[in-house]
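Everything numeric in this text was worked out from a predicted model, so none of it was measured.
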Amino acid sequence: MNAVLVVNSGSSSIKYQVIEEGSGARLAQGLVERIAERGAGRVVHTGSHGETIVDGDIPDHAAGFAAIVERFAETGTPIESLGIVAVGHRVVHGGSEFIAPTLIDDEVAERILELAELAPLHNPGHHAAIIAARAVFPELPHVAVFDTAFHQTMPEKAYTYAIDRELAAEHGIRRYGFHGISHSIVSRRAAQHLGRPLDSLKQIVLHLGNGASMCAIDGGRSVDTSMGLTPLEGLVMGTRSGNIDAGAIFHLLRRGVSVDEVDRELNKRSGFLGMTGTIDFRDVRAAAAAGDAAAQLAIEVYVHRARHYLGAYLAVLEGADTIVFTAGLGENGPDLRALICAGFEWCGLRLDPARNDARDSGTRVISAEGSQITVLVVPTDEEAEIAKQSTALVASLAE
Ligand code: ADP
């Protein structure tokens, strides 16, 4: 039995899953949270013996991994007994150089830290977890799987910002795109579900979670995506503004708002939160239904923006075979899906209202019989994709 330990870490948390190769079964999973917060650390671990919760200080990521290993041992399934053959680390930003899953050595770990310049909220936490995990599991290969890698196939015209070329080159300013692990697995699963070769399909994927992005995929390759240099560009999100005139930033700076405050405003206090006071779409939806005008407007802004990109990607791809909804809102928001798809009948897109409204959690078609574009809901599974890419790399290195 072979398994992969998949690690998705932030600056103060480590999410982990042990996934069996082939079957994709979860052998264990858990979350270490509030790292470095005195008196607040917690490990929630679910293994073969159910869920356990342990509270206690976790000063850093090294202590976090020690706590994970201890949880496995104390719940009767030592981590060594699970047949782990690789550790797969999710890394948000791989810049222009990491275009595929990469075996982590000291140099790669250092580059991931240096790329924190482009992803200050994400890469430092990944780096800390990589260092700690390599110390705890020195005998295992560690693989970095990048959210940006899938989009490295974008043509230059899609990733170039129209600014001074030297300035762009000096500071690495270009569009990278994110959620690539999700866009990749979801587009592949859509093709499998339809029984059609991936390389024959033009697909538009809407990953609508707390973070949200859309991707135009031609024959399995990303050709355009809505996030840019950072995950701030594009769609309206839980707490991010998505597209905004860069001039608004200068305006705020000139009016005395500090750089860090503007950053926080646009990344952490905008989107649904900024427009309505609540992040979760379920609350926004309930408020809108109760007549709250701000919540109603927020949904209209959200849908309007997504429709902009849908129209844009129909142009980029010169039509589409599939439109795929995924992630929290994409999988659970039939109302949003209907609003986003409405009025696209002119290009052969027709939803089936009963299929769209059906309560179902699996991969499914929600367009009408005979709709020229097939619309699907495909649950995302980034951890399974990280496990798959990690084992594929390790196997190829062993050959
Ligand atoms: P993340 O980007 O954090 O991985 P998810 O993909 O899990 O986010 O999406 C989380 C969001 O999905 C929630 O904030 C909520 O707005 C939305 N969501 C989750 N479940 C539902 C549901 N049943 N109905 C509507 N929206 C939902």
Side-chain angles (χ1 to χ4, degrees), residues 11 90-100 102 107-127 144 146-181 183 207 211-218 221-237 239-271 274 305 308-309 311-313 315-316:
S11 54
R90 177 186 183 210
V91 178
V92 164
H93 217 307
S96 301
E97 69 229 57
F98 293 114
I99 61 173
T102 304
E107 209 175 305
V108 169
E110 195 53 34
R111 272 307 288 151
I112 288 169
L113 182 60
E114 283 164 16
L115 285 164
E117 215 184 3
L118 295 172
L121 303 177
H122 297 101
N123 277 33
H126 302 326
H127 177 260
F146 298 92
D147 259 317
T148 44
F150 182 63
H151 302 297
Q152 285 294 310
T153 50
M154 279 195 290
E156 216 173 346
K157 65 186 174 191
Y159 71 69
T160 302
Y161 290 117
I163 61 171
D164 181 86
R165 287 168 57 182
E166 282 173 22
L167 184 80
E170 187 185 342
H171 297 285
I173 298 180
R174 50 156 286 182
R175 309 186 60 257
Y176 293 98
F178 299 87
H179 288 144
I181 299 165
H183 288 302
H207 176 110
S213 73
M214 285 175 62
C215 187
I217 301 172
D218 193 354
R221 294 161 65 87
S222 168
V223 293
D224 208 346
T225 193
S226 58
M227 284 177 167
L229 172 74
T230 76
L232 182 56
E233 191 178 341
L235 300 174
V236 175
M237 311 184 207
T239 66
R240 297 189 196 120
S241 62
N243 288 347
I244 182 168
D245 182 352
I249 297 171
F250 315 138
H251 182 69
L252 288 169
L253 293 176
R254 290 199 183 102
R255 291 180 69 99
V257 184
S258 74
V259 173
D260 286 344
E261 278 173 279
V262 177
D263 192 331
R264 197 163 47 246
E265 276 300 330
L266 298 187
N267 273 299
K268 304 231 158 172
R269 295 160 53 117
S270 293
R305 185 83 52 84
H308 259 263
Y309 277 98
Y313 291 167
V316 166

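- How far CD1 of Ile173 is from OG1 of Thr160: 12.5 Å, rounded to the nearest 0.5 Å.
- For the pair His251 and Arg255, the minimum side-chain heavy-atom distance is below 4.5 Å.
- Ring centroid separation for the pair His93 and Phe98 does not come in under the 6.0 Å cut-off.
- No hydrogens or angles considered: a donor-acceptor pair under 3.5 Å links the side chains of His151 and Ser222.
- Looking at Leu115 and Val91, their side chains never come closer than 4.5 Å, going by heavy atoms from C-beta outward.
- A salt bridge is absent between Glu261 and Arg264: the closest approach of a Lys/Arg side-chain nitrogen to an acidic carboxylate oxygen does not fall below 4.0 angstrom.
- A donor-acceptor pair under 3.5 Å links the side-chain atoms of Thr102 to the main chain of Ala100, judged by distance alone.
- Checked by atom type and distance alone, the side chain of Tyr161 pairs as donor or acceptor with a backbone atom of Leu229 at under 3.5 Å.
- Residues Ile112 and Phe146 have side chains in contact (heavy-atom distance under 4.5 Å, counting atoms from C-beta outward).
- When atom types are taken as modelled, the side chain of Ser11 and the backbone of Gly125 share no donor-acceptor pair closer than 3.5 angstrom.
- Glu97 CD: more than 12 foreign heavy atoms inside a 6.0 Å radius.
- Closest non-hydrogen pair, Ala109 versus His127, comes out as O-CD2, 3.1 Å.
- Taking every heavy atom of both residues into account, Pro124 and Ala119 meet most closely at CD-O, 3.6 Å.
- Residues Thr225 and His179 bring no donor and acceptor atom of their side chains to less than 3.5 Å of each other.
- The nearest pair of heavy atoms linking Gly94 to Thr148 is N-OG1, 2.9 Å.
- Stacking of Arg174 on the aromatic ring of Tyr176 is recorded, both the 6.0 Å distance cut-off and the 45° axial limit being met.
- To the nearest 0.5 angstrom, Cys215 atom SG is 8.0 Å from Met154 atom CE.
- Separation of atoms CG (Leu235) and OG (Ser241) is listed at 11.0 Å; rounding is to 0.5 Å.
- Remark: the backbone N or O of Asp147 is not paired with any side-chain donor or acceptor of Arg90 at under 3.5 angstrom.
- Minimum interatomic distance between Phe150 and His183 (heavy atoms only, all atoms of both residues): CE2-CB, 3.8 Å.
- A distance of 8.5 Å separates CG in Leu232 from CD1 in Ile244, rounded to the nearest 0.5 Å.
- Residues Pro120 and Leu118 approach most closely at CD-C, 3.5 Å, considering heavy atoms.
- Residue Leu252 qualifies as enclosed at atom CG: its count of foreign heavy atoms under 6.0 Å is above 12.
- Under a 3.5 Å cut-off, the side chain of Arg240 and the backbone N or O of Ser270 do not form any donor-acceptor pair.
- Using a 4.5 Å heavy-atom cutoff, the side chains of Met237 and Met227 are in contact.
- Here Ile217 contributes atom CD1 and Tyr313 contributes atom OH; the two are 10.0 Å apart, rounded to the nearest 0.5 Å.
- Within 6.0 Å of CZ in Arg221 there are 12 or fewer heavy atoms belonging to other residues, nucleotides or ligands.
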Note to self: One pair to check against side-chain contact (heavy atoms from CB on, under 4.5 Å): Glu114 and Glu110. What are the steps and the verdict?
What the structure shows: CA-CA 6 Å; Glu114 283 164 16; Glu110 195 53 34; 3.8 Å; yes

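- With a 4.5 Å cut-off on side-chain heavy atoms, Asn123 and Val92 count as touching.
- In this structure, CG on Asp263 lies 6.5 Å from CG on Leu121, to the nearest 0.5 angstrom.
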